[in-house]
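The figures here come from the full heavy-atom set of this structure, side chains too, leaving out hydrogens, waters and symmetry mates.
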Amino acid sequence: MKFYGDYHTHSRYSDGRQSLEEIAISAERRGLKEVAVTDHGPDAAVIGVKNERIYLQIKDEVKA
């Protein structure tokens with residue numbers, strides 16, 4: 001079986017350990033064509049993103 005993407009990752013914005021850039025680089029090194037960052041939302045107690053404005057930061061970081 002060949003995998004083309006990882007559709008369940010978490011970044012430092014939520015409860016993960018990697019930056020968005022590190023997630024993308026890791027996926028590329030594994031030969032993946034797609035990756036989805038599925039961070040927990042602000043209502044997920046202490047493991048989610050801090051607030052809704054963080055999503056705008058994430059969007060800008062992804063564009064860069």
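Val49 and Val62 fall within the same hydrophobic cluster, defined by Ile, Leu, Val, Met, Phe, Trp and Tyr side-chain heavy atoms under 4.5 Å apart, directly or through other members. Under the 4.5 Å side-chain heavy-atom criterion for grouping Ile, Leu, Val, Met, Phe, Trp and Tyr, Leu32 is connected to Met1 within one hydrophobic cluster.
Of the possible polar contacts, none joining the His10 side chain to the Val37 backbone as a donor-acceptor pair under 3.5 Å is found. Ser14 places a side-chain N or O within donor-acceptor distance of the main-chain N or O of His40, the cut-off being under 3.5 Å. Not a single donor-acceptor pair under 3.5 Å links the side chain of Ser11 to the backbone N or O of Gln18.
Residues Asp6 and Ile23 fail the side-chain proximity criterion, which asks for heavy atoms closer than 4.5 Å. Glu61 is not listed as a side-chain neighbour of Gln57, based on a closest heavy-atom distance of 4.5 Å or more.
Annotation: the span from Lys2 atom NZ to Lys33 atom NZ amounts to 7.0 Å, rounded to 0.5 Å. Here the straight-line distance linking atom CG of Asn51 with atom CG of Leu56 works out to 9.5 Å at 0.5 Å rounding. Considering CD1 of Ile47 and CG of Asp39, their distance stands at 10.0 Å, rounded to 0.5 Å.
Heavy atoms from other residues, nucleotides or ligands lying under 6.0 Å from CD of Glu21 number 12 at most. Heavy-atom neighbours of Tyr55 OH from other residues, nucleotides or ligands within 6.0 Å: above the threshold of 12.
In this structure, Thr9 and Ala36 approach most closely via the heavy-atom pair OG1-O, 2.7 Å. In terms of heavy atoms, Ile54 sits closest to Tyr13 at CG2-CD2, 3.4 Å.
Using modelled atom types, one finds no donor on one side chain facing an acceptor on the other under 3.5 Å when comparing Tyr4 with Glu34.
Between Glu22 and Arg12, at least one side-chain nitrogen of the basic residue sits less than 4.0 Å from a carboxylate oxygen of the acidic one, meeting the salt-bridge criterion.
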